[in-house]
Each structure stands twice: as C-alpha cells, then as structure tokens.
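What follows is a single structure, written as structure tokens, with notes after it.
Below, read A as the first sequence line, B as the second, and so on, with proteins coming before strands; counting in each chain starts at 1.
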There are 2 protein chains.
Amino acid sequence: MPPKPARTPAAEILTSVTMDLFRVDHLILNAGDRLAAHLGLTGTRWQILGAVVRSTTPQTVAGLSRDLGSNRQNVQRVIHDLVRLEMLTLEPNPKHRRAPLVVLTGKGRQTYDAAMKLQAPWANAVTQGMGLDDLLTFQRVIAELRTRLAPRPGLTENIEVRGKGKTGPATATTNPG
Amino acid sequence: MPPKPARTPAAEILTSVTMDLFRVDHLILNAGDRLAAHLGLTGTRWQILGAVVRSTTPQTVAGLSRDLGSNRQNVQRVIHDLVRLEMLTLEPNPKHRRAPLVVLTGKGRQTYDAAMKLQAPWANAVTQGMGLDDLLTFQRVIAELRTRLAPRPGLTENIEVRGKGKTGPATATTNPG
DNA sequence: CGGATATTGACATCATGATGTCAATTTTGG
DNA sequence: CCAAAATTGACATCATGATGTCAATATCCG
C-alpha cells in the first residue's frame with residue numbers, strides 16, 4: 001500500500017468532499033437549465049442575466065466578467081447571445097468609446113423574474129426539512145473557500161496573460177491529438 | 001419593487017449560496033488543472049482516473065459514468081483519451097462482448113498517485129485554520145444536497161431518453177442560431 | 001425458444017469554459 | 001503632450017458537458 005501524502009484532517013475532508021461538490025454543482029446547473037429552458041434561458045444565461053440585474057449601475061462586459069469571476073471572452077459571447085434574444089442592449093458609454101454599457105431590457109427583466117419565480121418552489125422543495133444552522137454553516141464555509149481560492153485575495157482582477165511577449169510556451173494543456 | 005416569490009429561509013440561503021458554489025467549483029477544477037497539468041492530466045481526466053482507481057472491480061464505461069454521475073458519452077470520450085495516453089486499457093469482458101472493462105495501467109497508477117501527492121499540500125494550505133466542525137457540517141450538507149438533487153433518489157441509473165419513438169421534439173434547449 | 005425492451009459503445013451537434021491573440025482605445029508616467 | 005502599458009472587445013482554437021441518434025448486444029418475459 002503506497003504511503004498516503006500527509007494531509008491534515010481538514011484537508012482530508014476537503015479532498016473527500018470535492019467529488020460531491022462537483023456533482024452538486026452539475027445537478028444545480030442542470031436543474032437551472034430545466035427550469036429556465038422554456039423561457040429561452042440556459043443556466044449560464046440566467047447567471048449572466050442575474051449579474052446584470054444585480055449591478056446597480058450599468059457595467060461593461062469586462063466589468064460583468066469580473067463580477068462573475070469568469071473570463072471576459074465567454075461572458076462577451078453569452079452577452080451577445082442575450083442581446084440577440086433582446087434581453088439586453090448595449091448602450092454607448094460616454095466614458096469609453098469601445099466599451100459599451102450592458103443594459104437590461106423589459107423582456108430581459110420579465111424573463112429573469114419569471115425564472116426566479118420558477119426557482120422558488122424548486123429551492124423550497126430541495127431544502128425542505130434541512131437544518132437552518134447547517135445551511136448557514138454551509139454558506140459560511142463556501143464563502144470562505146471562495147475567498148481562499150480566489151486568484152489573489154483582495155484583487156478582483158482577472159490575470160490575463162499579457163501575451164505579446166511569448167515568454168513561455170506554456171505547454172500545460174496536453175494535446176494528445 | 002416586484003413581490004418576491006415566497007421562499008422559506010432555507011431556500012433563501014440555498015438561492016444566495018448558489019453563485020458562490022459555482023465559483024468554488026470552478027476554482028477547484030481550475031486548481032486541479034494547474035496541479036495536474038504537467039502530468040498530462042486535466043481536472044476531468046483526473047476525476048475519471050480517480051473513478052477507475054476507486055472501483056474495486058473493473059467497470060465498464062457505462063458503469064463508471066454512473067459512478068461519476070456524468071453522462072456516458074463524455075466519459076467514453078475521456079476514457080479513450082486516457083487509453084491513448086496509456087493510463088488505461090480496455091480488456092475483454094467475458095460478461096459482455098461489446099462492453100470491455102476499463103483497467104488502470106502502471107502509468108495510470110503512477111500518474112494518479114503523483115497527482116494526489118501534489119494535491120495534498122494544496123488541500124492543506126486551503127483548509128489551513130478552518131474549523132473542523134464547520135468542514136464536517138459542510139460535508140454533510142453537500143452529501144445531503146447531492147442525494148436530494150439526484151435524478152431519482154435510490155436509483156443510480158442515468159435516464160437516457162429512449163429516443164426511438166420520437167414522441168416529442170423536446171425543444172428544451174434554445175437554438176438561437 | 002423468440003420477440004420486446006434495455007444497455008452499451010460509437011458518432012454527431014451544439015453550448016460552454018479556458019486560453020491565446022490582435023487592434024482599438026484608455027490610462028499612466030515622463 | 002507623447003510614448004509605454006493596461007484595458008477592452010473581438011475572433012479563434014481546443015477541451016468539455018448535454019443531448020440525440022444508431023447499431024450491436026444483453027436481458028427480460030411470454
């Protein structure tokens with residue numbers, strides 16, 4: 001039997017819980033897909049629409065991607081999809097000629113509200129009978145993990161490899177083909 | 001202000017914690033990618049290799065996909081990648097002529113062990129100073145959510161739409177293009 | 001035994017996430 | 001003001017997840 005690498009008890013728990021975490025994440029995203037499907041939304045679109053809804057002042061695409069902790073490029077693509085679906089519009093940004101502001105349309109607002117209305121009974125059913133204290137602890141631990149795992153605690157920036165230099169080939173991803 | 005759909009306090013917590021859950025999931029998968037990159041692994045390949053390692057008796061691809069809670073088709077693709085990388089082999093299954101058994105190779109074992117060895121200090125660092133009780137509760141809640149969100153509690157099967165009949169177009173997924 | 005049904009591997013398509021790159025624009029530093 | 005650096009939108013590529021489909025095979029049931 002190979003000697004296990006030394007892990008603290010806490011690290012053992014994190015390790016063993018990871019797989020369940022992945023499965024729950026997939027299951028929730030899947031449930032979101034099903035809930036919002038007939039509204040023309042997917043889980044991802046719902047998420048991004050939510051980021052726009054929550055933003056108190058109109059944001060640029062890059063700003064929203066920072067809020068979401070996602071990469072700029074994919075957020076841009078989905079926002080363009082939502083613009084095509086007339087749930088968002090891009091309005092001129094007086095502060096930046098190239099970076100328009102993302103604004104919710106009436107249809108976008110209605111769709112988001114409808115999705116959240118569908119989500120309510122789902123969330124009620126899923127948490128039915130679960131201990132409130134446990135859920136609060138769960139919330140606290142998740143938030144703590146998010147903070148600790150953030151690329152640089154305190155900096156919300158997306159480190160985008162300033163590619164120009166081509167300093168390293170970065171052959172990280174295997175390309176078996 | 002639009003009237004919020006009625007949610008129990010527990011459902012409110014689940015709703016508000018979802019975004020952090022997604023972010024933590026992405027961050028962990030990303031950390032896994034970085035940890036295992038130079039071993040020729042990705043987060044997904046690591047996961048699937050782990051499923052093979054944990055299986056006491058050799059499984060078929062479909063069996064492994066059930067273990068992983070993932071869909072058969074994508075697991076098959078990744079397993080073929082791992083076979084190409086010589087980390088897995090497909091051996092004849094006396095019970096089923098078309099469904100070979102997935103077996104770990106020496107290289108696969110070594111790669112998996114190396115990945116777990118890299119993961120240990122990472123897990124130690126991430127959980128450094130976190131309360132053990134909180135982590136245990138976290139583990140319990142995640143497991144409970146996984147059970148509750150499972151397609152059918154108790155049935156491990158993947159409901160695959162028996163397509164033949166073409167009874168309904170199932171126009172769930174939006175196709176904006 | 002023999003047909004109906006389910007399982008399994010394989011292939012295809014689309015949505016998404018990660019990453020690299022580039023040009024246009026803004027910001028910064030002198 | 002001007003040049004260097006950073007930001008931003010856009011485009012491209014690859015890995016992955018979800019889904020549909022099909023043929024081969026296995027299992028079930030009469």
Side-chain angles (χ1 to χ4, degrees), chain A residues 22 25-27 29-30 32-34 37 41-45 47-48 59-66 68-81 90 93 95-102 157-177, chain B residues 22 25-27 29-30 32-34 37 41-45 47-48 59-66 68-81 90 93-102 157-166 168-177:
Chain A
F22 288 158
D25 183 271
H26 286 155
L27 288 167
L29 206 49
N30 227 286
D33 277 349
R34 291 178 203 285
L41 285 181
T42 64
T44 302
R45 289 175 182 176
Q47 260 185 273
I48 290 179
Q59 306 276 327
T60 64
V61 171
L64 288 168
S65 73
R66 279 190 293 268
L68 287 162
S70 209
N71 49 330
R72 194 165 46 80
Q73 292 87 335
N74 294 323
V75 173
Q76 276 183 355
R77 178 175 44 193
V78 177
I79 284 184
H80 281 181
D81 288 346
L90 299 178
N93 183 353
K95 298 292 193 59
H96 197 307
R97 202 188 310 173
R98 272 202 53 167
L101 297 173
V102 180
E157 59 181 325
N158 246 347
I159 290 84
E160 184 165 356
V161 187
R162 274 86 87 225
K164 320 296 178 67
K166 197 170 291 191
T167 49
T171 52
T173 57
T174 54
N175 201 346
Chain B
F22 288 158
D25 183 90
H26 287 155
L27 289 167
L29 208 48
N30 228 286
D33 278 349
R34 292 178 203 285
L41 285 181
T42 62
T44 302
R45 288 175 184 177
Q47 260 186 273
I48 289 178
Q59 304 277 327
T60 64
V61 172
L64 289 167
S65 73
R66 279 190 292 267
L68 289 161
S70 211
N71 50 330
R72 195 166 43 84
Q73 293 87 333
N74 294 324
V75 172
Q76 274 184 354
R77 179 174 45 194
V78 177
I79 284 184
H80 281 182
D81 289 346
L90 299 178
N93 183 353
K95 299 293 193 61
H96 197 307
R97 203 188 309 175
R98 273 200 56 168
L101 297 172
V102 180
E157 57 182 327
N158 246 345
I159 290 83
E160 183 166 355
V161 188
R162 275 87 85 226
K164 320 299 178 64
K166 195 171 290 188
T171 51
T173 57
T174 54
N175 201 345

Looking only at side-chain atoms of B/H96, point me to the closest of D/dT25, D/dT16, C/dT19.
D/dT25
Which nucleotide wins on minimum distance to the side chain of A/N71, given the candidates D/dA18, C/dG17, C/dT26?
C/dG17
Tell me the bend of the helix from C/dC1-D/dG30 to C/dG30-D/dC1 as the angle between end helix axes, each from five pairs, rounded to the nearest 10 degrees.
40°
Side-chain donor/acceptor of A/Q73 to base of C/dG20, under 3.5 Å:
yes
Mapping A/L29 and A/K95 onto DNA chain C by nearest heavy atom, which one lands closer to the 5' end?
A/L29
Taking for each residue the nucleotide of DNA chain D bearing the nearest heavy atom, is the 5' side occupied by A/V61 or by B/N74?
A/V61
So which nucleotide from C/dA15, C/dT25, C/dA18 ends up closest to the side chain of A/R97?
C/dT25
B/D25: side-chain contact (heavy atoms from CB on, under 4.5 Å) partners, not counting sequence neighbours:
A/F22, A/D25
Could you list the residues that satisfy side-chain hydrogen bond (donor to acceptor under 3.5 Å, both in side chains) with A/R98, not counting sequence neighbours?
none
Between A/G63 and A/D33, name the one whose nearest nucleotide on DNA chain D is closer to the 5' end.
A/G63
Residues passing the side-chain contact (heavy atoms from CB on, under 4.5 Å) test with B/L68, sequence neighbours excluded, are B/I48, B/A51, B/S70, B/V75
For the base of D/dA23, is there a side-chain donor-acceptor partner from B/R98 under 3.5 Å away?
yes
To the side chain of B/T60, which of D/dG9, C/dG9, C/dA10 is closest?
C/dG9
Could I get the full list of side-chain contact (heavy atoms from CB on, under 4.5 Å) partners for A/N30, not counting sequence neighbours?
A/R34
Protein-nucleotide distance (B/I79, atom CD1; D/dA15, atom P), rounded to Å:
17 Å
Identify, between B/R34 and B/A99, the residue whose nearest nucleotide on DNA chain C lies closer to the 5' end.
B/A99
side-chain hydrogen bond (donor to acceptor under 3.5 Å, both in side chains) partners of A/N93, counting only residues at least two apart:
none
Taking donor-acceptor contacts at under 3.5 Å, does the side chain of A/R77 reach the base of C/dG17?
yes
